[in-house]
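Below is one structure, written out as structure tokens, with a few remarks after it.
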Amino acid sequence: MATDAIDTESAFTSILARCHALSLRQQIAGDDAHKAIGYFPVYFPEEIVHAAGLLPYALLGGGNRVEVRYADARIGSFVCSICRTTTELGLNHSLGEMAGFFAQPICDAAKHMAGIWGRNFPQQDPQILALPQNVSSPAAARYVYDEYQRLRTILAEKVGRAITDDEIRASLGVYNENRRLQRALYAIKRDDPSRLSTVEAYLLIRAGTRIRREEHNVMLREALDLLARRRVRPMDKPRVIFVGGFCEQPPLEMIETIEDVCFIVDDDLLIGQRWITEDIPEQGDPVWALAESYIQRSASSPVQYDVRKPKEETLMTMLREARAEAAIISAAKFCEPGLDDQLALSRRLDREHIPHLVLEFEEKMTSFEQMAMQVETFAETLLFE
Amino acid sequence: MTTADILVAGIDIGSTYTKAVLIDSARAVRATAIRRSGYKPATAASVVFDDLVANAGVPPACVTYIATTGYGRYMVPFRHTQITELTCHAVATSHHFPDVRTILDIGGQDIKAIRIDEQGRVRAFRLNDKCAAGTGAFLEKTARYLGLQTSDIGAYALRAEQPVEISSVCAVFAESEVINHLASGVAPEDIMEGAIVALGGRAVQLMKRVGLEPDYALAGGMTNNPAMVAALENKLGAPLLLPPDGLGQLNGAFGAALLGARRVTKLLAEGRAIVSPTSADETKPRRWSTYVAPVSAGAGVAATA
Amino acid sequence: MRYVAGVDVGSTQAKAVVLDEQACVVGEAILDVEMNMGSAAQQVFDLVVARAGLSSDEIAFTVATGYGRYRVTFGDLQVTEISCHARGATAEFPNTRTVLDIGGQDTKAIRIGESGEVVDFAMNDKCAAGTGRFLGAASFALELPLSELGPLALKATAPVKITTTCTVFAESEIIGHLAKGYRPEDVLAGMHYAIATRCASLVRRVGLAPEITFTGGVSRNAAMRPLLEQTLDRPLNVSAKGHFMGAIGAALYALDHARAGAPRATAQEVVS
Amino acid sequence: MATLATPAATLAPDARAAGQRLVNEWLRNVQTAPERGQPVAYVFVMGNAIEILRVFGFELVFPEINSLQTGVRKAAPDFLARAEDFGFSPDVCSYVKADVGLMLNDMQHPSGARIPRPDIAIASSLCNVYIKWAEIWERHFGASTFVLDIPGKRFASWRPIPGSPQYDADKRWVQGQLEDLIAQCERITGRKFDPDKLAEVEANVNEMIRLWVEILKLNQGRPAPYNSMLDGLTYIGVLNAWRGTPEGVAYMRLLRDEVAAKVARGEGRVKDERYRLIFSGTPCYVNMRRMVELFELHGGVFAASDYLTYAAGGLDSSGLFYDPARPLESLAEVTTLASQLGLSNHFFSHHTLAQQVKEYNADGIVYHGIKSCRTVATSMADNREYVTSRYGLPTLYIESDLIDPRYWSDAQIKNRVDAFFEVLEQRRLLKGEA
Ligand SMILES: Nc1ncnc2c1ncn2[C@@H]1O[C@H](COP(=O)(O)OP(=O)(O)O)[C@@H](O)[C@H]1O
Ligand SMILES: Nc1ncnc2c1ncn2[C@@H]1O[C@H](COP(=O)(O)OP(=O)(O)O)[C@@H](O)[C@H]1O
Ligand code: SF4
Ligand code: SF4
Ligand code: SF4
């Protein structure tokens, strides 16, 4: 019994250790290099790349482990960290051999990434994949469809063969399952937060950006199975949600600092890995199904304009469904869309008298004393309630 | 023992000064102590604690509970609990002034603006970044350049007739500015006052970020600096409340003591034992952020043991 | 004409040299900028002229440079430190393609073209982090003269990681490390390393092209050169006159003008 | 627009006076719009479908111009402070913050004008901040905003090829949205859409483009008759406010004649033009005169600037004209092409800049990195690195802000500008010129 618990724990830990190694790897594993299609957040249709037999490679910056030596000379001092470290990874040859690069017009800095890549790594044939900001327009679905078809053609040229509907349908299936498994992780985080910490969930999901989805599905199934048997000592911490991690990712230290004193029962971390919120229909024209999913079942974020999804309402729903008593409203430094929403959201929470903490982070930050003080104070105020 | 003679100590280990306050169950201050923090926070804390009990004339054993705060709050092994200075300032200030909504604490190495509610709960707060241009260090540097003691700054600057503007955003460049002013014959007190006004301006900016809501209070060492108080009131166009009985710089420590006392009352009421939480620290979950994969195969497993 | 002068009025120190017609240095002087830049400039000028055994009317042309160049009322022309350091550096090391000037308050990286012309430059002049002042703080904290910092740092065996970038807080961090029992040389080495990394990134900003010449007052620091060579992994030229490079460059410009027979500026021209 | 002025040229002695008059006229029209029952539209300079709004008689408010005017009128620090005290981060675009300051000032603009609330606001995707800005209006005014998503360039060497599936998709998308917009305008104004009126407006725009392109070309000669970063800015102000109107055409004609006359007289903006420069990026409106002065002191003139392209809606981008015979369709085409050939160049401008250097036989490029504006400035340094190393062009990179004086440091900028001219001088000497 006791030994069983230890085995479960150690088995789970070794999975996380692998995820940890995968998440922090800056260099693309040798054999994958030429197959990797790098893409900048958020709403990228990985399925099409997967169907082409290529490796969709989410560019998530270099975190606080990459030393920025060249990028500072190429990017304005007032630009977010993920653009900076991603450029650094390019310039220091960690991403030298990718077979493609796509940025999306989620913000003005991201559009420039296509320019930077084009000037420095033309052989990767960097592109902007259009992403309509006028999501609720009747013409939008058709337009996304056309743009996805363009992507399909570009990839077909890369692999030298057509990408069939059946291949894409198969990929939809793989990704539908992957998202189901991710939702299961989040359900545990929400219903039994002592069982699965946010850092653990984060590592499990982030690992998926570095391996094939089939492999990731196996890993997640195994992890979920172990989690069900995991021995937990229930803890008593305030339940909060965390928003602001939709593009640039906060350092692990930051998530841990928060989790020392709170349960993060829902968040928008790595939302680009799970932006499609329900299963995509696997019958009919798969590209249409994918395009239609962006319009009909995509997660809201500060970089998507959709009159049907007012940001404040989305937040209130998130709070309600997560049964959270408070919110941490963060934004990446110099992230205009994030900062604009941060204010709107915190003002709304002020009006609703919902306790919240406004945090600004930088992916490359390394000192967390001040942040710890802020988070502890926040937790202390919640304990006063 | 009866709750009558329960003594609670609050220790604020700040970047510049370490401060301690001893209160009894009537929340009355029994003794205080203060020293420069130096570079060994733990030592500073225990020395100040010894001063404290000595000043109070009680044996250390009579102190039931010890709450620490300030940037060195975790560095005190003999504490029972640690609380952040923001919470402590909030509690202490609203203990004195229930109507205060915005608190400013100008420390040696940072500035904090805190908005609190009627129950003395922290509602919002902002801290300045680690740039000396916006901290007490800026004044001390200028003072040192003018050959002044920190404690003389206030009285000295009050003599200023027309303070000069210090426009540099960098404390180092500001020094060259100071030099030039001296060269062009500006009176030192006018320069000192200029520095105070500059810092005061930055501080009020920070207060605005948390929503400038009266009443206002000042806490921390700057309460010893009448010129800064005047400059701030001038910028705010409103009075600035200062903790009474010389508790200004001790505000954080006092708040820690108050919260410690609350905790003790609660524990005793629930008939629970008073244990030091430091033992609980071991139960912290694994830090994946600092995880280094062991070289041997089966890595993670080994790591868990 | 007989002689020309170059005066470099920096934020920390005023430097001056006098050259003869063969561009040989016949006098050099350096003063701390105590109070007034203008007067410091005048003093260092008088001093250098005296050292050269001349009288000021024997100076055919004077070029002023440095942070306080517009305060030099007796100068005939002002030229920026960038051009002057480039000129001085290429005069001594003709193949120089990159100049790194670390001064008291700011750091400059200058890229130089085939024919010694300035192609590009970058400066950090908004924040005094990673400048000579950083070392100034160290010398204050350790109560050591500037000239002894470098040699001591070279004795380090286990450099301490300095986390503060702010020059003001540097001092307290040093003392803090010493209090924790770290050896002075290791703390110092940490400081030097912090500066070297900052300056290296500035150099990369203009594109790291050999040869690199290291100028400015900090080039006198014995430890900075090896550290920079290590971080940039390139050898560095350092002149014995490194601290005077700005002044020498200015004087060389003065020589051009004197040779071209340019008229000395009248007072109002200088002011405008 | 009932109360329109009689064509400017007939009354005004010179373009400056005419421009001044038209700007005041425009401001008056905007202010009196509510009492005259005229609908008001907020639009941005990049990708704004003004042509359609004209058809429905909207008065146009340019929030960007309001914001830059707070800078010009030295009111920016106050307005920015209001927004930051309200909670906006110092890192948010200062145009947005100045506009928030205006809202917090009960729409009372330092120009004296009281800016009316929008009946519709159009935000194109050419700057994503436009969209975030529009969201702020939605919250503040409850105004109906229309996000016009205009697909830009996909990569540097990418050219839209009419007839290609890609081009048709982009065009179809834009046209679909324009039809959507028209429906909304009909709802708001209660008027029916009139294609003939659109054709009329387009004809006017065509004429303005023709003249504008001519005016830009006239600065290719030596000496340059005007400074793009000073005179140029006043030109585009009028161009935007009166786009598609007879007054606009008249003004441009007057301006063209004047500039042409200057060229004929061999009259330059600076007495002794020594250096011709290309300015890349947005101006620093708080210190525009000072900045230009720093360059003109050395005989440097800004012969051209990509800003004039961006701020003029990309209309000068080679040979774009409406076909009034099929007004709506060609509106969709030109809107798409203007964004793809002109406006989305922010991200890929290295070739275009090098091209401009040739056309205007310039001596170098000055990049002005704007802390506020990631749209223009994010990769400027990389762009500059490319241009410097590939084309061996002298370039200068300076950083400040559009209207936030806190980011202007005169000594530091002067130091850089002086050094830059010393660089240009040295190159001259080496080339044996001068
Ligand atoms: N007697 C005094 N007169 C004037 N200023 C003082 C005095 N004592 C302290 N200060 C100012 O208060 C600042 C910090 O005091 P304190 O709040 O104790 O800082 P911390 O909590 O960071 O240690 C010092 O930097 C100094 O500028
Ligand atoms: N003898 C010395 N040994 C080592 N470093 C020195 C020495 N003298 C000056 N320095 C360094 O040089 C700096 C001043 O350099 P300088 O080029 O004169 O700066 P500036 O031109 O801004 O005045 C000082 O801050 C100091 O760090
Ligand atoms: S972090 Fe914000 S600003 Fe940076 S790329 Fe992502 S969305 Fe754009
Ligand atoms: S600007 Fe000056 S005071 Fe601020 S961090 Fe830099 S050196 Fe320190
Ligand atoms: S980011 Fe740039 S383009 Fe966009 S609104 Fe601000 S200033 Fe204008």
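Sequence lines set the chain letters: A, B, ... in the order given, protein chains first and strands last, and positions in each chain run from 1.
Of the residues considered (A:Ala331, A:Pro132, A:Ala344), A:Pro132 shows the highest number of contacts with chain D, using heavy-atom pairs under 4.5 Å. When each of A:Thr87, A:Leu129, A:Ile106 is scored by its heavy-atom pairs under 4.5 Å with chain D, the top score falls to A:Ile106. The choice from A:Met113, A:Lys111, A:Gln149 that makes the most heavy-atom pairs within less than 4.5 Å of chain D is A:Lys111. Counting heavy-atom pairs closer than 4.5 Å to chain A, the top-ranked of the candidates D:Cys127, D:Cys373, D:Ala156 is D:Cys127. With chain D as the partner, the residue from A:Arg347, A:Lys333, A:Glu147 showing the most heavy-atom pairs under 4.5 Å is A:Arg347. With chain A as the partner, the residue from D:Asp180, D:Val376, D:Ile131, D:Val129 showing the most heavy-atom pairs under 4.5 Å is D:Val129. For the options D:Gln177, D:Arg139, D:Arg384, heavy-atom pairs under 4.5 Å to chain A are most numerous at D:Arg139.
Heavy atoms closer than 4.5 Å to chain D are found in the backbone of A:Ala73, but not in its side chain. Looking at A:Phe78, the atoms closer than 4.5 Å to chain D (heavy atoms on both sides) sit in the backbone and in the side chain alike. Heavy atoms closer than 4.5 Å to chain A are found in the side chain of D:Ser89, but not in its backbone. Looking at D:Asn383, the atoms closer than 4.5 Å to chain A (heavy atoms on both sides) sit in the backbone and in the side chain alike. Both the backbone and the side chain of D:Thr145 come within contact range of chain A, with heavy atoms under 4.5 Å apart. Contact of A:Ser346 with chain D is not made at all, since no heavy-atom distance falls under 4.5 Å. Proximity to chain A (any heavy atom under 4.5 Å) is restricted, for D:Phe146, to the side chain, taken from C-beta onward. When heavy atoms are compared at a cutoff of 4.5 Å, A:Ile116 approaches chain D by way of both its backbone and its side chain. Of the two parts of D:Arg390, only the side chain, counted from C-beta on, holds a non-hydrogen atom closer than 4.5 Å to a non-hydrogen atom of chain A. Using a 4.5 Å cut-off between heavy atoms, D:Glu179 does not touch chain A at all. In this structure, the portion of D:Ile370 lying under 4.5 Å from any heavy atom of chain A is its backbone and not its side chain. Heavy-atom distances place no part of A:Pro310 under 4.5 Å from chain D, backbone and side chain included. Proximity to chain D involves both the backbone and the side chain of A:Ala140, based on heavy atoms less than 4.5 angstrom apart. Of the two parts of A:Glu312, only the side chain, counted from C-beta on, holds a non-hydrogen atom closer than 4.5 Å to a non-hydrogen atom of chain D. Of the atoms belonging to D:Ala377, heavy atoms from both backbone and side chain fall under 4.5 Å from chain A. The part of A:Leu131 that comes within reach of chain D is its backbone (N, CA, C, O), which places non-hydrogen atoms under 4.5 angstrom from that chain. Using a 4.5 Å cut-off between heavy atoms, D:Tyr386 contacts chain A through its side chain alone, with no backbone atom that close. Interface remark: A:Gln342 contributes no atoms to any contact with chain D (heavy atom separation under 4.5 Å). Using a 4.5 Å cut-off between heavy atoms, D:Gln175 does not touch chain A at all.
In summary, the side chains of D:His368 and D:Ser400 do present a donor paired with an acceptor at a separation below 3.5 Å, with no hydrogens or angles considered. Remark: the D:Tyr130 side chain and the D:Glu64 side chain contain an N/O donor-acceptor pair separated by less than 3.5 Å. With hydrogens and angles left out, the side-chain atoms of A:Arg150 and A:Gln127 include a donor and acceptor closer than 3.5 Å. If you check the side chains of A:Glu360 and A:Ser330, you find no donor sitting under 3.5 Å from an acceptor. In this model, a donor atom of one side chain and an acceptor atom of the other lie less than 3.5 Å apart for D:Asp306 and D:Ser280.
Of the possible polar contacts, none joining the A:Ser136 side chain to the A:Asp306 backbone as a donor-acceptor pair under 3.5 Å is found. In this structure a side-chain-to-backbone donor-acceptor pair under 3.5 Å is missing from A:Gln133 to D:Asp149.
Within the structure, salt bridge (charged side-chain N to carboxylate O under 4.0 Å, His left out) pairs that include any residue of residues 117-135 of chain A comprise A:Arg119-D:Asp382, A:Asp125-A:Lys158 (at least two apart or interchain).
Rounding to the nearest 0.5 Å gives a distance of 14.0 Å between SG of A:Cys107 and CZ of A:Phe334. Note: A:Glu313 CD to A:Lys311 NZ = 12.0 Å, rounded to the nearest 0.5 Å. Here the OG atom belonging to D:Ser67 is positioned 11.5 Å from the NZ atom belonging to D:Lys97, to the nearest 0.5 angstrom. To the nearest 0.5 Å, atoms CD (A:Glu88) and CG (A:Asp72) are separated by 7.5 Å.
Exactly one residue among A:Glu362, A:Lys364, A:Glu363 makes a side-chain hydrogen bond (donor to acceptor under 3.5 Å, both in side chains) with A:Thr85. That residue is A:Glu363. Looking at A:Trp275, A:Tyr148, A:Phe246, A:Phe102 one by one, the single match for ring pair (Phe, Tyr, Trp, His ring centres under 6.0 Å) with A:Tyr43 turns out to be A:Trp275.
Both cation-pi conditions hold for D:Lys371 and D:Tyr407: the charged atom is under 6.0 angstrom from the six-membered ring centre and inside a 45 degree cone around its axis.
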